[in-house]
S.K.: 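Okay, here's the structure, questions in a sec.
A note on names: the letters A, B, ... follow the listed sequences, proteins ahead of strands, and every chain is numbered from 1.
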Amino acid sequence: MKGALDIPEEFLSPYNHAQKEELLYKTWEASGYFNPDNLPGEERQPFTVIMPPPNANGLLHAGHAFFVTLQDTMIRYNRMCGKGSLWLPGSDHAGFETQVVYEKYLAKEGRSRFDLSREELYDEMLQFTLDHKKEMQGQLRVLGASCDWSREVFTLDDRVKKEVYTSFAQLEEDGLLYRNLRTAHWCPKHQTGFSDLELVYEERMDPFYYFQYGPFVIGTVRPETKFGDKYVVVHPDDERYSAYEHGQTIAVEWMNGPITATVIKDEASDPEKGSGAMTITPWHSAVDWEIAQRHGLAYEQIIDDRGKLLPVAGEFAGMDIRDARGKIVEMMQKKGLLTRVDESYTHTVPTCYKCGREIEPQLKKQWFIRMKPLAKKAVSAIENNDVSFVTERYKRIALHWLENIQDWNISRQIVWGISIPAKLCVKCGHGMVDIEDTIHSCTECGGEVTPDADTFDTWFSSGQLPFIALGYPDGADYAKRYPTDVIETGHDILFFWVLRMIMLGLYRTGKVPFRRVYLHGMVRDEKGEKMSKSKGNVIDPVTVAGEYGTDALRMAYIAGNVPGDSINFSTDKIRGYKKFANKVWNIGRFVLSEAADADTDNMLLVDGDKTVLRAWRSLVAEITDDMEQYRYHLAGEKIYHYIWHTFADTVVEESKTALNGDDDAVKRSKKALLMSVYTESLRVLHPFMPFLTEAVWAHIPKDGYKKYDLIMIESWPDAISPEV
RNA sequence: GGGCGAUUAGCUCAGUUGGCUAGAGCGUCUGGUUUACACCCAGAAGGCCGCAGGUUCGAGCCCUGCAUCGCCCACCA
């Protein structure tokens with residue numbers, strides 16, 4: 001090594017991320033700077049991001065690493081711009097999701113949740129969740145997340161429960177909460193109701209059966225629900241049925257023998273469909289229930305909660321509906337009631353998003369929130385740009401959903417979650433909100449009451465996270481940092497989470513919870529396929545970070561990946577950025593050995609060097625603009641390209657001649673140029689590749705090029721660059 | 001049934017308000033132990049920017065239509 005200066009020994013070998021990253025994270029954490037209250041300087045303008053709390057029931061996957069990278073980049077950039085960056089971490093108990101995961105875990109151990117009492121099950125799941133939470137937090141550290149652990153929030157914390165209860169009570173007071181008999185989306189396997197968002201519609205081709213129903217012919221794909229059907233509904237204007245009057249009774253030979261049926265005229269009946277006449281099953285169909293409600297019709301349960309036929313099905317009682325259909329059709333054929341079968345009927349059926357089992361609509365009393373008034377305010381907020389979308393196209397999707405919103409079923413019949421603070425009447429079924437546990441008899445009928453055994457939909461609590469996490473109503477953070485600046489998350493939870501946060505945030509605080517929504521796409525494998533355990537194409541970000549370095553992983557997530565689009569993850573790309581890390585490291589070795597003694601107070605640049613510095617500064621301005629406009633994908637590529645192909649390949653190469661020459665003024669100018677551009681480019685690179693840049697920073701002499709020991713609190717170069 | 005997105009080099013993808021002689025990474029080929037780096041350097045090949053029209057001095061970018069792939073939404077007769 002012919003360098004003018006002594007170079008630390010570690011610079012003599014390639015950059016070794018494995019030796020550096022863990023130590024560097026510890027240094028950052030020990031510095032206290034993740035907490036914005038500890039940052040040097042005057043009172044800083046706040047910059048706040050609430051981390052989407054990962055579900056504490058597993059380990060981080062490639063999607064988590066994506067959001068960690070994007071958000072940490074935002075946080076670090078804004079911190080360097082002189083703001084009081086707060087990234088508030090959390091984790092979600094993830095009610096139903098976790099219960100499903102835990103049941104699988106129990107099954108593996110040869111146990112079942114039915115072996116345990118509610119309390120035992122809850123306690124085991126709590127331990128399970130806390131263990132995973134801890135492990136996940138270790139993984140977030142591996143990924144370099146500069147979040148403030150001192151403000152961490154868990155969705156089962158007392159303060160969360162308290163505010164969630166307050167919201168629940170307030171919704172009731174405002175008439176936005178009800179618990180009436182209503183069609184619920186019920187999964188016979190999981191034994192719980194869902195909101196409309198938890199359904200997945202699946203296209204099916206099923207036989208469509210026509211049955212003789214007295215003088216009518218009615219069509220159905222679901223003969224197994226028809227045992228109790230005693231109303232036949234036709235459109236009031238349907239000429240074919242003008243001979244029948246509304247309310248007229250007719251004698252019908254039906255599945256279990258002769259019955260008396262009633263003709264109902266209702267516009268819900270579509271003359272174009274089937275024969276134009278249909279019978280209704282109010283207990284197991286939302287549409288039928290509405291018709292029944294309109295005309296005050298009777299209703300009866302046919303299928304139990306486990307998907308088995310009830311005694312009304314006669315000889316079929318107790319049979320699973322999946323086995324019963326064929327046998328029932330056979331029976332109907334024998335009775336001579338089957339008139340026709342259309343084999344190729346295509347329709348969509350709702351299924352459980354978790355197990356794929358067909359959803360069985362069931363009349364249930366569950367807690368529902370009236371969403372229309374809440375959605376209306378959210379629509380105004382979005383239209384007024386009180387909250388804006390970085391990927392504009394999601395704005396329209398959001399508005400469309402809000403304008404067609406349905407009431408939200410927030411009750412789940414599961415153990416794991418925040419219990420619903422209410423009493424139910426044993427006698428009349430009336431539900432009463434009871435936060436303070438003061439209700440001991442039914443307010444309607446005076447009957448005995450029992451605590452509601454249900455828990456809240458997990459999104460009901462996470463949907464209130466921003467204001468709760470900041471300490472609403474009297475927390476200092478709330479006063480200073482609400483509304484937060486950005487929410488960054490996957491577009492798949494736009495409805496589940498983002499829009500509900502907007503609605504609930506507006507409802508409780510009167511303000512939007514964040515000013516901007518940045519939605520990223522899904523992470524797929526290199527062929528563009530969804531990652532899944534069964535396909536075996538899951539990339540574990542922590543393993544990859546171990547192999548190539550977190551910085552390389554992070555660059556692969558950012559550079560060239562357009563906001564909102566799904567990204568294909570390839571290890572080739574990560575490998576490329578690992579090389580880049582080493583390149584930056586080696587440039588450091590050269591620059592520090594040749595120019596660490598550069599004069600900073602008196603930077604006399606020769607004309608050619610001035611041009612180089614000006615070009616660099618103008619690129620910094622461009623990159624700064626990209627950062628402000630959330631174009632991280634461009635900013636990342638630009639700094640990469642400049643460092644490698646301009647600074648290393650041209651500026652450094654050309655400096656060699658000058659440094660070997662005899663002209664002291666030229667030498668002095670070169671040294672100053674190398675040091676300025678190199679140290680400034682490290683700053684620009686820091687939000688993207690925090691570990692590497694911090695590792696190099698430790699070797700930069702502390703003078704005009706460096707103010708602080710840690711690059712993480714240095715200024716973004718746009719703010720420091722003096723005139724050239 | 002309604003809506004959205006994608007289509008650019010062999011592969012994976014950038015290309016910000018129309019100025020592009022269309023770029024990057026990986027791969028391929030040729031040549032290099034030049035006083036940081038072989039996790040490197042110098043260079044090369046490789047593209048009717050899905051198809052067909054249109055607007056414009058100028059279109060990868062804007063408009064219309066079509067094709068293919070993907071995604072989201074929708075009350076199961």
S.K.: Would you measure the distance from the P atom in B/rA24 across to the matching atom in B/rA14 and give it in whole Å?
M.R.: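 B/rA24 and B/rA14 have their P atoms separated by 16 Å.
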S.K.: Please report, rounded to the nearest Å, how far the P atom of B/rG25 is from the CG atom of A/Asp572.
M.R.: 13 Å
S.K.: Given A/His491, which partner from the list A/Trp497, A/Tyr394, A/Phe496 fulfils the ring pair (Phe, Tyr, Trp, His ring centres under 6.0 Å) test?
M.R.: A/Tyr394
S.K.: State whether a side-chain donor-acceptor pair under 3.5 Å links A/Gln19 with A/Glu10.
M.R.: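 Checked: A/Gln19/A/Glu10 side chains show no N/O donor-acceptor pair below 3.5 Å.
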S.K.: Which of the following nucleotides, B/rA74, B/rG25, B/rC72, is nearest to the side chain of A/Tyr201?
M.R.: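 Ranking B/rA74, B/rG25, B/rC72 by closest atom to the A/Tyr201 side chain puts B/rA74 first.
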S.K.: Taking only the C1' atom of each, what is the distance from B/rC63 to B/rA44 in whole angstrom?
M.R.: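 Each nucleotide's C1' atom is 40 Å from the other's.
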S.K.: Using the C1' atoms only, state how far B/rA36 lies from B/rC40, rounded to an integer number of Å.
M.R.: 10 Å
S.K.: Let's see if you can work this out: which of B/rC39, B/rA74, B/rC4 has an atom nearest to the side-chain heavy atoms of A/Asn582?
M.R.: B/rC39
S.K.: Using heavy atoms to find the nearest nucleotide of RNA chain B for A/Asp196 and A/Ile218 separately, return the residue whose nucleotide is more 5′.
M.R.: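 The 5'-side residue here is A/Asp196.
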S.K.: Would you mind telling me which residue lines up with the more 5' stretch of RNA chain B, A/Asp565 or A/Asp270, judged by nearest nucleotide?
M.R.: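 Per heavy-atom nearest nucleotide, the more 5' residue is A/Asp565.
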S.K.: Quantified in whole Å, what is the C1' atom distance between nucleotide B/rU16 and nucleotide B/rA22?
M.R.: 16 Å
S.K.: Go through it in stages, so that I can follow the logic: the residues are A/Glu383 and A/Val379, the test is side chain to side chain contact (heavy atoms under 4.5 Å, CB included), and I'd like the CA-CA distance, side-chain angles, deciding distance and then a yes or no.
M.R.: CA-CA 6 Å; A/Glu383 282 176 344; A/Val379 167; 3.7 Å; yes
S.K.: Is the phosphate of B/rC4, meaning OP1 or OP2, less than 4.0 Å from a side-chain N or O of A/Arg393?
M.R.: no
S.K.: Using whole Å, report how far NE2 of A/His645 lies from P of B/rG43.
M.R.: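 One finds 12 Å between P of B/rG43 and NE2 of A/His645, rounded.
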S.K.: Using atom types as modelled, flag every donor-acceptor pair under 3.5 Å from a side chain in residues 347-358 of chain A to any protein atom, sequence neighbours excluded.
M.R.:
{"from": "A/His347", "atom 1": "NE2", "to": "A/Asp206", "atom 2": "OD2", "distance (Å)": "2.7"}
{"from": "A/Thr351", "atom 1": "OG1", "to": "A/Val200", "atom 2": "O", "distance (Å)": "2.8"}
{"from": "A/Tyr353", "atom 1": "OH", "to": "A/Glu97", "atom 2": "OE2", "distance (Å)": "2.7"}
{"from": "A/Lys354", "atom 1": "NZ", "to": "A/Glu97", "atom 2": "OE1", "distance (Å)": "2.9"}
{"from": "A/Lys354", "atom 1": "NZ", "to": "A/Glu97", "atom 2": "OE2", "distance (Å)": "3.3"}
{"from": "A/Glu358", "atom 1": "OE2", "to": "A/Arg204", "atom 2": "NH1", "distance (Å)": "2.6"}

S.K.: Once you round it to whole Å, what is the distance between P of B/rC26 and CE of A/Met555?
M.R.: 13 Å
S.K.: Measure from CZ on A/Arg524 to C1' on B/rA6 and round the result to the nearest Å.
M.R.: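 A/Arg524 atom CZ is separated from B/rA6 atom C1' by 12 Å.
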S.K.: At less than 3.5 Å, do the side-chain atoms of A/Glu653 and the base atoms of B/rA42 form a donor-acceptor pair?
M.R.: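 Checked by distance alone, the answer is no.
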S.K.: Where the side chain of A/Gln406 is defined as all heavy atoms beyond and including C-beta, which of B/rG5, B/rA74, B/rC39 is the nearest nucleotide?
M.R.: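 Looking only at heavy atoms from C-beta outward on A/Gln406, the closest nucleotide is B/rA74.
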S.K.: Name the residue from A/Asp664, A/Asp597, A/Asp609 that meets the salt bridge (Lys or Arg N to Asp or Glu O under 4.0 Å) definition with A/Lys671.
M.R.: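 It is A/Asp597, the one option of A/Asp664, A/Asp597, A/Asp609 that forms the salt bridge (Lys or Arg N to Asp or Glu O under 4.0 Å) with A/Lys671.
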S.K.: What is the distance, rounded to the nearest whole Å, between atom NZ of A/Lys638 and atom C1' of B/rG25?
M.R.: 18 Å
S.K.: B/rU16, B/rG25, B/rA36: which one has an atom nearest the side-chain heavy atoms of A/Phe590?
M.R.: B/rA36
S.K.: I'd like the P distance from B/rC41 over to B/rU34, given in whole Å.
M.R.: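 About 14 Å, rounded to a whole number of Å.
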S.K.: With a 4.0 Å cutoff (strictly under), does any side-chain N or O of A/Lys656 reach OP1 or OP2 of B/rA36?
M.R.: yes
S.K.: Less than 4.0 angstrom between a side-chain N/O of A/His491 and OP1 or OP2 of B/rC73, yes or no?
M.R.: no
S.K.: Looking at B/rG15, I'd like to know if its phosphate oxygens (OP1 or OP2) sit under 4.0 Å from a side-chain N or O belonging to A/His633.
M.R.: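 Answer is yes, contact under 4.0 Å.
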S.K.: Can you tell me how far C1' of B/rA36 sits from NZ of A/Lys671, to the nearest Å?
M.R.: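 Nearest whole value for this atom pair: 16 Å.
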S.K.: Looking at B/rU16, B/rU12, B/rA36, which one has an atom nearest to any side-chain atom of A/Asp626?
M.R.: B/rU16
S.K.: I need the CH2-P distance between A/Trp644 and B/rG23, as an integer number of Å.
M.R.: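 After rounding, the reported distance stands at 20 Å.
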S.K.: Is any side-chain N or O of A/Lys583 under 3.5 Å from a base N or O of B/rC39, one able to act as donor and the other as acceptor?
M.R.: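 Answer no: no donor N or O sits under 3.5 Å from an acceptor.
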